[in-house]
Amino acid sequence: MLNNLPFFPPQASTGASQVDALYFYLIGISVVMSTLIAGLLAGFAIRYRRKSRADRTGALDGSMKLEVIWTIIPFLVAMSIFAWGASVYVHLSRPPDDAMSILVVGKRWMWKLQHLNGRREINELHVPVGRAVKLTMTSEDVIHSFFVPAFRVKADVLPGRYTSLWFAPTRPGRYHLFCAEYCGTRHSGMVGWVVVMQPEEFQAWLGGEARDVAPARAGERLFTNLGCASCHNPGSGARGPSLQGVFGATVALKGGARASADESYLRESILDPQAKVVDGYDVLMPTFRGLVGEEGLMQILEYLKTLEPPPAPSGEKPRP
Ligand code: CUA
């Protein structure tokens with residue numbers, strides 16, 4: 001119904017109507033309150049102007065009832081904004097488990113995207129309609145921001161860490177993609193398109209043309225070439241913790257702390273091995289900073305995600 005409003009981007013994702021509904025609720029409250037206040041102000045100014053003969057007896061000198069009413073009503077309105085906003089926020093910040101994963105690297109001044117089967121894109125993102133898509137994003141240089149107005153999603157893309165964003169497109173078409181964080185002289189040129197296709201069409205597109213090796217395979221290659229396997233393979237004398245099933249697991253750290261082995265943790269462990277040391281191991285690992293780029297890191301993480309936990313009877317990791 002709101003698809004053809006002037007000045008409004010089309011609604012093309014499941015989250016778009018939720019964001020718009022909340023937005024119009026806020027606008028509605030603002031309009032009602034502003035009109036009420038301005039109307040009463042003008043009305044009283046005219047009615048009680050100096051020369052008017054309006055009845056001025058019975059002026060209130062304080063009323064508990066009024067105070068309570070005009071405290072409770074705005075309180076309830078404010079809480080409704082909070083509750084609604086929080087529920088939309090929570091929904092938008094939790095991608096569904098079956099979301100299709102896509103890797104995004106921002107750099108001055110382009111968007112580099114890669115699908116998990118290896119297909120790469122620059123400043124264009126092809127996705128199927130009706131399927132949740134999750135982007136894992138980082139930057140090679142400065143802060144960028146991935147913004148697709150038609151999906152009502154925007155997230156900063158930061159150097160040195162991962163951020164993510166998800167959406168489920170609802171209508172085929174071409175939608176603007178912007179960088180929404182000033183990132184240098186050609187920031188305004190850091191734009192592109194999100195192309196939403198029918199699922200069959202998308203599958204044909206994804207499988208067609210020359211494509212790169214899949215990120216997980218490229219990561220496996222890096223894992224071998226960088227010598228990670230010599231310490232991290234289960235049979236290597238356990239100089240480093242086994243990485244079988246590490247992704248998403250909870251890891252016990254030296255000193256008693258625990259960490260959840262998510263993308264940020266694994267990234268930190270590769271670039272700054274001293275930061276969080278797994279309990280029972282010494283820091284023998286050198287940093288790999290400078291030896292592997294942002295895309296390489298993402299590829300290694302994709303490889304680690306494919307490592308199933310060992311079928312051992314106990315889920316505990318081997319300890320010396
Ligand atoms: Cu990248 Cu602005």
Side-chain angles (χ1 to χ4, degrees), residues 7-13 15-16 19-20 23 88-89 92-95 99-116 118-127 132-169 173-197 205-206 211-212 215 218-219 262-264 266-268 270-272 288-302:
F7 311 120
F8 245 73
Q11 290 181 332
S13 78
V19 172
D20 286 357
Y23 180 73
V88 172
Y89 177 81
L92 288 180
S93 53
R94 287 196 188 161
M100 189 177 97
S101 203
I102 290 172
L103 309 178
V104 181
V105 177
K107 81 178 254 193
R108 287 184 288 180
W109 287 275
M110 64 168 86
W111 295 107
K112 299 193 286 185
L113 304 105
Q114 191 174 25
H115 296 260
L116 290 193
R119 177 113 200 213
R120 288 177 183 280
E121 306 194 66
I122 286 185
N123 290 346
E124 244 187 357
L125 170 61
H126 288 72
V127 287
V133 175
K134 180 194 171 201
L135 310 182
T136 302
M137 312 187 290
T138 190
S139 164
E140 278 182 16
D141 38 46
V142 299
I143 301 177
H144 304 279
S145 185
F146 194 98
F147 181 31
V148 185
F151 299 162
R152 311 290 191 275
V153 292
K154 179 164 75 172
D156 279 6
V157 177
L158 304 151
R161 75 162 92 163
Y162 295 117
T163 52
S164 72
L165 176 157
W166 83 275
F167 51 83
R174 273 165 71 80
Y175 304 102
H176 279 294
L177 155 65
F178 296 108
C179 175
E181 182 68 48
Y182 182 64
C183 55
T185 47
R186 284 174 53 207
H187 155 73
S188 61
M190 195 168 164
V191 295
W193 295 96
V194 178
V195 183
V196 179
M197 308 165 97
W205 174 89
L206 191 65
R211 79 185 113 91
D212 227 341
D262 57 9
E263 284 148 336
S264 301
L266 293 170
R267 175 201 163 84
E268 183 184 45
I270 296 169
L271 297 180
D272 189 5
F288 284 80
R289 204 176 283 280
L291 296 176
V292 52
E294 289 302 340
E295 286 185 53
L297 283 166
M298 281 183 157
Q299 290 165 345
I300 293 175
L301 297 190
E302 286 308 313

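Just so you know, ligand 1 is whichever comes first in the structure, and atom 1 is the first atom listed for that ligand.
- Separation of atoms CG (L301) and OG1 (T136) is listed at 9.0 Å; rounding is to 0.5 Å.
- R174 has a carboxylate O that lies under 4.0 Å from a charged side-chain N of E124, or vice versa, which qualifies the two as a salt bridge.
- With respect to E140 and K112, a salt bridge is recorded, a charged nitrogen being found less than 4.0 Å from a carboxylate O.
- To the nearest 0.5 Å, atoms CD1 (I270) and CD1 (I300) are separated by 5.0 Å.
- Residue W109 holds its CH2 atom at 9.0 Å from NE2 of H144, rounded to the nearest 0.5 Å.
- Protein N/O/S atoms closer than 2.8 Å to atom 2 (Cu) of ligand 1: C179 SG, E181 O, C183 SG, H187 ND1.
- To the nearest 0.5 Å, atoms NZ (K134) and CD1 (I102) are separated by 11.5 Å.
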